[in-house]
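Accompanying notes for the structure given below.
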Amino acid sequence: MIFKKVTYLAFFLEVLLLLSCKNPLDGFVLGFKEPIDKATIKIQFSLPNEGKLPPDLKFQVVGKDADKIVTNLNTKNYKISKEGVLILAVAPEFVPSSANPIKVTLVAESKDYTKIIKNVTFTNNSNYSYYFGFVKTNASGNANANQLVLDPQQSKKLEVQSFSNTEKVTLTVPEKTVFLGTDNEALNGVIDVTLIHYNSKNSKLYLPGGGVATNPLDKNNNPLPEPFDFLQTAAVVSIEMSTQKQEIIKKFSIPVRINIEVNSTIVNPITNKNIFAGEKLALFSYDSDSGVWKEEGDVVLVKNSQSGKLEIAFDISHLTYWIIGWKRNICRIGPSYTIKSNFNDLDIVYYAQLVDASNNQFIKDYFISLNNGAVAGMTFVPKVAANVKLKVFDYNNYYGGDNKTPLVESSSLPLCGSNQLTLDLTKLPVPKFVELDIKVVCPQGKVLDEAGLPAQMKVQYSEPDKNVWRDLGVLTRYNRKVKTYRMQLGKKYDMRGSTDGGVTWPYVQKNYLVNKQIWSFELPGKEYCK
C-alpha cells in the first residue's frame with residue numbers, strides 16, 4: 001500500500017426588452033431544456049487561481065449508481081461553469097427511496113490541489129448542495145505526505161505543517177493496519193491522503209458547521225443533555241483518505257496515532273492563563289457525513305524534550321474532523337418573538353441583536369423577517385446571561401440602513417426556555433417595492449401558448465461592475481411577474497438570468513437604471529403563440 005501526495009425565459013425577455021431599445025434576442029434561436037429540479041446535487045467549486053479553476057481539474061461521478069446521474073439538463077456533459085457551478089441530478093427515470101437508494105461518489109482532482117471526494121446517497125427526491133473548496137498542496141493550512149510505501153509489516157509516519165509552518169502534525173500508522181471502507185471492506189493499493197491542520201490561533205474560524213454541536217454525543221454514544229459550541233480551540237485537524245479507485249476509507253483495524261504540536265501562547269478561556277504541560281484538554285470529533293458531534297475524552301499536553309514545544313497525542317480509529325478545545329453549553333431553545341407589522345410580502349430581512357437584559361452586553365446577532373405574523377426564534381444561544389432583550393434595527397440585508405439606533409427594543413425574557421413576546425414594528429418605514437410584469441402580445445387570431453414558455457427563470461442582480469450577484473426572484477411560465485424589495489428606485493444595477501437552474505447566465509444587461517416602481521412590457525411573442 002502506498003501513501004501518495006494529494007492534493008424563465010419570459011422574464012429574461014421582459015428584462016432584456018426592458019433594458020434595451022432593440023430586441024436583444026434578434027437572430028437568437030430558441031432551444032433549451034427544462035432543468036431537473038428534484039434529487040439534485042449542486043456543487044459550488046471554489047476558484048483558487050485568480051477566479052479560475054485548476055486547468056487540469058478532473059471531475060468524476062463514480063460508484064455503482066454513477067450511470068443514474070446526469071446534469072440537471074439531463075445530459076452526461078459534466079461541464080463546470082466559469083463561476084464554478086455544476087448541478088447534477090438523478091435521471092428522471094429513476095426514483096430513489098429507502099428501499100432502493102442511489103449511491104454515488106463525487107471526485108475532484110488536480111495535481112496542485114487536494115483531492116476532494118464525497119459520498120452522496122439519495123433515499124428520496126431531496127436536493128443537496130456542497131462546497132468543494134480547493135486547498136493548494138503543501139500550502140499554508142494543508143500539506144500532503146511525501147510518497148510512502150506502506151509495508152504491512154512496518155509502521156509509517158505522515159508529517160504535516162500548519163498554517164504558520166511552525167506546528168507539525170504527525171500521523172503514525174502501525175504495522176499490520178487494515179484500511180476499511182464505508183461497508184467495512186478492506187481496501188488497499190495507492191492511498192490518497194488529505195490532512196488539513198489549522199494552527200492554534202485561528203483554528204476556531206474553520207470549525208465545521210459553524211462549530212455548533214446541536215445534537216452531541218458523549219464518548220459512549222449517549223446523547224448529551226445540552227448542545228454546545230466552542231469558546232476557544234487549540235487545534236483542528238481534518239483527515240481524509242481514499243484509494244485511487246475512489247473508494248473512501250473510513251476506519252482502521254488498529255488505531256492510528258496522531259501527534260499535534262500546539263502553540264504555547266494559547267490562553268485557556270476558563271482560567272484565563274496560558275496552557276501548560278500537564279494540562280488536560282477536551283477532545284471532540286465531528287463526522288461530516290452524519291453531522292454528529294462527539295466528546296471523545298481528554299488529552300494531556302506534554303512538552304517535547306527535543307523541540308521544547310507543547311504537543312498532544314491520541315489514537316484515532318476512524319477518519320473525521322478532530323478538535324481540541326473548550327466547549328460552552330448553549331440553550332437549545334430560547335425566547336421567540338412574534339412580529340406585528342404592516343407587511344406580508346417582504347423578501348428582505350432585518351438586523352437584530354440579542355443582548356443581556358442586565359447590561360445590554362451583545363450576545364448574538366440575527367437577520368429576521370419582519371412580515372406580520374413572522375416568528376423569530378432564538379435557538380442555540382450561549383448561556384451567558386439569565387435574561388435577554390431583542391433589539392431590531394431599520395437595517396436590512398440588501399441595502400443596509402441604520403444598525404446603530406434600534407427601532408424597537410423588547411422587554412426582558414429568560415434566555416432559556418420557550419418564552420414568547422409580540423414585537424410591534426408598525427412604525428417601521430414602508431420600503432419601496434419594484435415590480436416586473438410581462439405581457440405577451442400575440443398576433444390577431446392567436447393566443448398565448450403558456451406551455452411553450454420556459455418552466456422558470458432565475459434572476460440575479462449586482463451593483464454595476466461589482467460582479468457580486470444576488471438573487472432577485474424566479475419567474476415561471478404561469479407567473480410572469482415578480483415583486484421585490486431588494487432593489488432601490490433611482491439606482492443602477494447589472495442584471496442577469498438563467499433558464500438552467502443557475503449553472504449558466506447567458507442573459508446579461510449592464511448598468512440599468514431602475515426609475516419606475518412598476519414596469520409593464522408588451523412583448524410581441526409569436527414564438528409563444530398558438
Side-chain angles (χ1 to χ4, degrees), residues 140-141 162-164 166-169 196-219 224-238 258-286 292-304 308-314 320-334 353-366 378-388 414-416:
S140 59
S162 75
F163 270 135
S164 61
T166 60
E167 301 162 16
K168 291 188 299 186
V169 176
I196 303 178
H197 172 224
Y198 306 99
N199 80 331
S200 305
K201 289 195 171 182
N202 67 11
S203 59
K204 185 180 175 181
L205 301 175
Y206 298 93
L207 289 172
V212 178
T214 55
N215 293 291
L217 304 176
D218 65 16
K219 61 182 180 181
L224 288 167
E226 292 183 317
F228 61 83
D229 63 2
F230 290 87
L231 280 169
Q232 174 64 289
T233 54
V236 177
V237 175
S238 169
I258 185 169
N259 185 289
I260 307 173
E261 293 182 346
V262 180
N263 193 315
S264 61
T265 64
I266 289 293
V267 174
N268 181 326
I270 307 300
T271 64
N272 205 31
K273 296 180 180 180
N274 284 11
I275 57 176
F276 57 89
E279 184 174 5
K280 288 185 178 181
L281 303 181
L283 174 66
F284 307 85
S285 66
Y286 173 78
V292 172
W293 287 87
K294 185 177 178 180
E295 288 186 340
E296 298 281 0
D298 293 329
V299 292
V300 179
L301 280 166
V302 298
K303 188 173 183 177
N304 187 292
K309 294 183 177 182
L310 291 178
E311 56 186 37
I312 50 178
F314 53 95
T320 187
Y321 278 87
W322 296 93
I323 301 99
I324 297 92
W326 296 265
K327 76 173 186 178
R328 172 177 62 177
N329 286 340
I330 57 182
C331 297
R332 184 179 301 278
I333 298 176
Q353 289 182 352
L354 197 68
V355 300
D356 189 326
S358 66
N359 56 17
N360 279 316
Q361 187 73 34
F362 172 87
I363 298 175
K364 195 173 181 180
D365 54 7
Y366 303 84
M378 309 292 109
T379 59
F380 301 109
V381 183
K383 286 188 172 182
V384 295
N387 298 286
V388 294
L415 171 61
C416 296

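Note that the structure is a prediction, hence the values are computed from the model and not measured.
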Quiz prompt | Heavy-atom pair with the smallest gap, counting every atom of Asp356 and Ile363 | solution = N-CD1, 3.7 Å
Exercise. Drop me the distance from Cys416's SG to Ile330's CD1, to the nearest 0.5 angstrom.
Key: 9.5 Å
Self-check item: Polar side-chain atom of Arg332 near backbone of Thr214 as donor-acceptor pair, under 3.5 Å
Solution: yes
Self-check item: Nearest non-hydrogen partners of Ala213 and Pro227, listed with the distance
Solution: O-CB, 3.1 Å
Exercise. Heavy atoms only: give me the nearest Asn329-Glu226 pair and the separation to one decimal.
Key: ND2-OE1, 3.1 Å
Quiz prompt | Exam field: side chain Glu261 to backbone Lys168, donor-acceptor pair closer than 3.5 Å | solution = yes
Exercise. Starting at CG of Leu224, measure out to CG of Asp218 and round the result to the nearest 0.5 Å.
Key: 5.5 Å
Exercise. Kindly check if the number of other-residue, nucleotide or ligand heavy atoms within 6.0 Å of CG (Asn359) is above 12?
Key: yes
Quiz item: Considering only heavy atoms from C-beta outward, does the side chain of Phe276 approach that of Leu310 to under 4.5 Å?
Solution: no
Practice problem: Determine yes or no for a side-chain-to-main-chain donor-acceptor pair under 3.5 angstrom, with Lys364 supplying the side chain and Pro382 the backbone. | Solution: no
Self-check item: Flag side-chain contact, heavy atom, 4.5 Å: His197 against Ile260
Solution: yes
Exercise. State, with a plain yes or no, whether a side-chain heavy atom of Leu207 is found less than 4.5 Å away from one of Asp229.
Key: no
Quiz item: Looking only at heavy atoms, what is the nearest atom pair of Val236 and Tyr321, with distance?
Solution: CG1-CD2, 4.2 Å
Quiz item: Are any non-hydrogen side-chain atoms of Val267 and Asn272 less than 4.5 angstrom apart?
Solution: yes
Quiz item: Atom CH2 of Trp326 and atom CD1 of Ile266: how far apart are they, to the nearest 0.5 Å?
Solution: 6.5 Å
Quiz prompt | Atom pair OG/NZ of Ser264 and Lys309 - distance to nearest 0.5 Å | solution = 9.5 Å
Quiz item: Can you say whether the rings of Phe228 and Trp293 are parallel (under 30°), tilted (30 to 60°) or perpendicular (over 60°)?
Solution: perpendicular
Practice problem: Verify, without hydrogens or angle tests, whether Thr233 (side chain) and Gly325 (backbone) share a donor-acceptor contact under 3.5 angstrom. | Solution: no
Quiz item: Rounded to the nearest 0.5 Å, what separation is found between the CG atom of Asn259 and the CD atom of Glu311?
Solution: 4.0 Å
Quiz item: Distance from Asp298 atom CG to Lys280 atom NZ, nearest 0.5 Å?
Solution: 5.5 Å
Quiz prompt | Criterion side-chain hydrogen bond (donor to acceptor under 3.5 Å, both in side chains) against Ser285, the qualifying member of Glu295, Lys294, Lys219, Glu296 | solution = Glu296
Quiz item: Hey, which of Val299, Ile324, Ile312, Val302 is the one that makes side chain to side chain contact (heavy atoms under 4.5 Å, CB included) with Val262?
Solution: Ile312
Quiz item: Considering all heavy atoms of both residues, which atom of Gly308 and which atom of Lys303 are nearest to each other, and what is their separation?
Solution: O-CE, 3.4 Å
